[in-house]
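For clarity, every value in this text was computed on a predicted model and none was experimentally measured. Naming: A, B, ... by sequence-line order, numbering from 1 per chain.
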Number of protein chains: 2
Amino acid sequence: MIPYELKWTMKSGSDAFSRKLGTYLPLDADELGILQRLANPRTIFSAGREIAQEGQNDHAAYILHDGWACSYKRLHDGGRQVINIQIPGDFLGLRSLLLRSSDQNLVALTPVEVSQVYPERLLEMFSTAPRLAMAWLWAASRDEAMIVEHLVSLGRRDALARTAHFFLELGARMKLIERGTADGYACPLSQSMLADALGITAIHLNRVLRQLRESGLLVFRDSTVTFLDRKRLAEIADFDLSYLDHGTAAKD
Amino acid sequence: MIPYELKWTMKSGSDAFSRKLGTYLPLDADELGILQRLANPRTIFSAGREIAQEGQNDHAAYILHDGWACSYKRLHDGGRQVINIQIPGDFLGLRSLLLRSSDQNLVALTPVEVSQVYPERLLEMFSTAPRLAMAWLWAASRDEAMIVEHLVSLGRRDALARTAHFFLELGARMKLIERGTADGYACPLSQSMLADALGITAIHLNRVLRQLRESGLLVFRDSTVTFLDRKRLAEIADFDLSYLDHGTAAKD
DNA sequence: CGCGCTCTTGACTAGGGTCAAGTGCAGTGG
DNA sequence: CCACTGCACTTGACCCTAGTCAAGAGCGCG
């Protein structure tokens, strides 16, 4: 299998995080400067590295600049529930900043590049750059809306619809940061990780993926998602991307 | 059946919202004054009244001072998934404040008393009362942590554990606002509402409730939850209330 | 070469959904 | 006072989705 890294479209250059906040409201040079300072210095975690643990109280929050990460919780029986998958431009562990201890685990799924978020600098930003603060809170609200939609999937969609929904959402997010097209995107997730996100077993996910493939809907193979029939997928998944709150979202 | 209103323990008096923020950090007279102004004027919605609708862009957010409400999303097939149940002291629709349109519906489950949250006054507070802003963001983070735990329930707990977990969590929240004890609390939820929160059918919830009752674990009857064996319930549910982030949480 | 990991598939099982019927009560109108 | 309606709740019978168990294939790596 081709190592994931070789397949990235490395058009990062401009910062995914700034670009994301910029979709909420246009940022001026001063504001972009503040963001630049928040986005440095950078730290690298290698793939598989645990970035934060549930119960820790070191209040580790980051901005993810490159690579994929995910947040999850563990149950006492050893089960794992993935809360969210994070891609470049996303927050990591933001919710835990003000809580006494982290409510989740964070792990790097590929090599990642992050910058740490410090509560003091954040509070300072809230008073000196209120527009930026609004954009920040908007992004946090949007993250929460994604978690809520994930909750709806787990509660009310069957395995097929859930899987279709997941890939469609991720596709929309990837497209927003210019790492994907309407046809597909690179996706370095293992089936077991995906299954733990979707609340089904890896075995059943495998069956669902086969069904999606054989129905001519979607192919997930070699760490790549290829949409074959987005329209029908969206119908099956009851997918409506308005919760992603893309201001200028394309219709497809 | 006894009307729900008659059974409230009306010890409100001091404001549930102020008390909640106060558990994060002690508030001084100035800060309490600001909160008082945010908590007025009050609006009443009668039971069953829809407070906000998904897709609306009137940015309606409230603080719930009295009564119960819930937030939910609808699927195209008519299905409903309850996101969260709100009790006095909770936010309503806070996440939708900065989004272009509300990502959820809000409905009053009992008569409720709310005060509206205005974005301008909120931003003002962030610059003039940073400690209050932190407490506010803490409360919002805690709400999100509850949603995440709900997501874990839907993804990885079976119907029995899910139901037990729900009642335990709600019990801890009720106790925090002094509307419940270690033995139980008043709970004006219909079985169908509860089922839509737990991601199961009302019929199956009914079977689960019977099982809980017959196993001597918990009784939910006449809008009242009575714990019979909290210890065993907590084991079954894999319940650990640290995500609720009660600073001084009692151990029981 | 063999270990370990991810992925794949089949056979069987069980948790929870669906369908259907029925109970108990509150409210309404005769 | 008593039908009648409507809603929330209850229970049983049956079925299907997804979990469990088991075996094997493909591949990277020491």
Side-chain angles (χ1 to χ4, degrees), chain A residues 1-6 47-48 75 77-82 107 109-110 153-164 166 187-215 218-225 236-237, chain B residues 1-7 47-48 75 77-82 109-110 153-164 166 187-215 218-225 236-237:
Chain A
M1 202 178 289
I2 306 167
Y4 174 72
E5 284 76 5
L6 300 181
L75 300 175
D77 67 4
R80 176 176 62 174
Q81 176 63 49
V82 168
V107 63
L109 300 176
T110 68
S153 266
L154 295 179
R156 285 285 173 243
R157 281 189 257 258
D158 64 18
L160 187 71
R162 229 181 269 184
T163 308
F166 180 89
C187 175
L189 300 175
S190 70
Q191 287 188 15
S192 71
M193 187 62 69
L194 209 46
D196 283 343
L198 296 174
I200 56 181
T201 57
I203 295 177
H204 192 61
L205 173 65
N206 188 279
R207 294 191 273 247
V208 169
L209 289 176
R210 173 158 47 131
Q211 196 184 336
L212 285 169
R213 196 183 330 123
E214 291 175 353
S215 313
L218 175 151
V219 176
F220 175 50
R221 182 168 277 168
D222 299 336
S223 300
T224 304
V225 175
I236 290 169
Chain B
M1 202 176 292
I2 307 166
Y4 174 70
E5 285 75 6
L6 299 182
K7 298 166 56 199
L75 299 175
D77 67 5
R80 177 176 62 174
Q81 177 63 50
V82 169
L109 300 176
T110 68
S153 267
L154 296 179
R156 286 285 174 244
R157 281 189 255 259
D158 65 18
L160 186 71
R162 230 181 269 184
T163 308
F166 180 90
C187 174
L189 300 175
S190 69
Q191 287 188 13
S192 69
M193 187 63 71
L194 209 46
D196 283 343
L198 298 174
I200 56 180
T201 58
I203 294 176
H204 193 61
L205 173 65
N206 189 280
R207 293 192 272 246
V208 168
L209 289 175
R210 174 160 44 134
Q211 195 184 334
L212 285 169
R213 196 184 329 123
E214 291 176 352
S215 314
L218 174 151
V219 176
F220 175 50
R221 181 169 278 169
D222 299 334
S223 299
T224 304
V225 174
I236 290 170

Handout entry: Stepwise side-chain contact (heavy atoms from CB on, under 4.5 Å) check, B:Leu75 with B:Gln81
Key = CA-CA 8 Å; B:Leu75 299 175; B:Gln81 177 63 50; over 6 Å; no

Separation of [X] atom [atom1] from [N] atom [atom2], in whole Å?
| X | N | atom1 | atom2 | result |
| --- | --- | --- | --- | --- |
| B:Asn206 | D:dC7 | CG | P | 19 Å |
| B:Met193 | D:dC9 | CE | P | 11 Å |
| B:Asp222 | C:dA26 | CG | C1' | 14 Å |
| B:Leu209 | C:dG16 | CG | C1' | 15 Å |
| A:Gln191 | D:dA25 | CD | C1' | 14 Å |
| B:Asp77 | C:dG17 | CG | C1' | 13 Å |
| B:Leu212 | D:dT10 | CG | P | 13 Å |
| A:Ile203 | C:dT6 | CD1 | C1' | 12 Å |

Are there any protein N/O atoms within less than 3.5 Å of an N/O atom in nucleotides 16-19 of chain D, and if so, which ones and at what distance?
| residue | atom | partner | partner atom | Å |
| --- | --- | --- | --- | --- |
| D:dA18 | OP1 | A:Ala159 | N | 2.8 |
| D:dA18 | OP2 | A:His204 | NE2 | 3.3 |
| D:dG19 | OP2 | A:Thr201 | N | 3.2 |
| D:dG19 | OP2 | A:Thr201 | OG1 | 3.1 |
| D:dG19 | N7 | A:Arg207 | NH2 | 3.0 |
| D:dG19 | O6 | A:Arg207 | NH2 | 3.4 |

Practice task
State which residues pass ring-ring contact (aromatic ring centres under 6.0 Å, His included) with B:Phe220; sequence neighbours excluded, sorted by chain then number.
Solution key: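 Here the qualifying residues are B:Phe167.
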
Practice task
Drop me the distance from B:Asn206's CG to B:Thr201's OG1, to the nearest 0.5 angstrom.
Solution key: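 Those atoms lie 9.5 Å apart.
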
Practice task
Applying side-chain contact (heavy atoms from CB on, under 4.5 Å), run through A:Thr163 and A:Arg157 and close with a yes or a no.
Solution key: CA-CA 9 Å; A:Thr163 308; A:Arg157 281 189 257 258; over 6 Å; no

Practice task
Would you name the heavy atoms of A:Ala197 and A:Val82 that are closest together and state the gap between them?
Solution key: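 Looking at all heavy atoms of both residues, the shortest contact is CA-CB, 3.5 Å.
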
Exercise for the section: Might you work through the side-chain contact (heavy atoms from CB on, under 4.5 Å) test for B:Arg156 and A:Asp196, ending with a clear yes or no? Expected result: CA-CA 9 Å; B:Arg156 286 285 174 244; A:Asp196 283 343; 2.8 Å; yes

Exercise for the section: Considering just the side-chain nitrogens and oxygens of B:Arg210, establish if one lies under 4.0 Å of OP1 or OP2 belonging to D:dT10. Expected result: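 Negative; the distance criterion is not met.
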
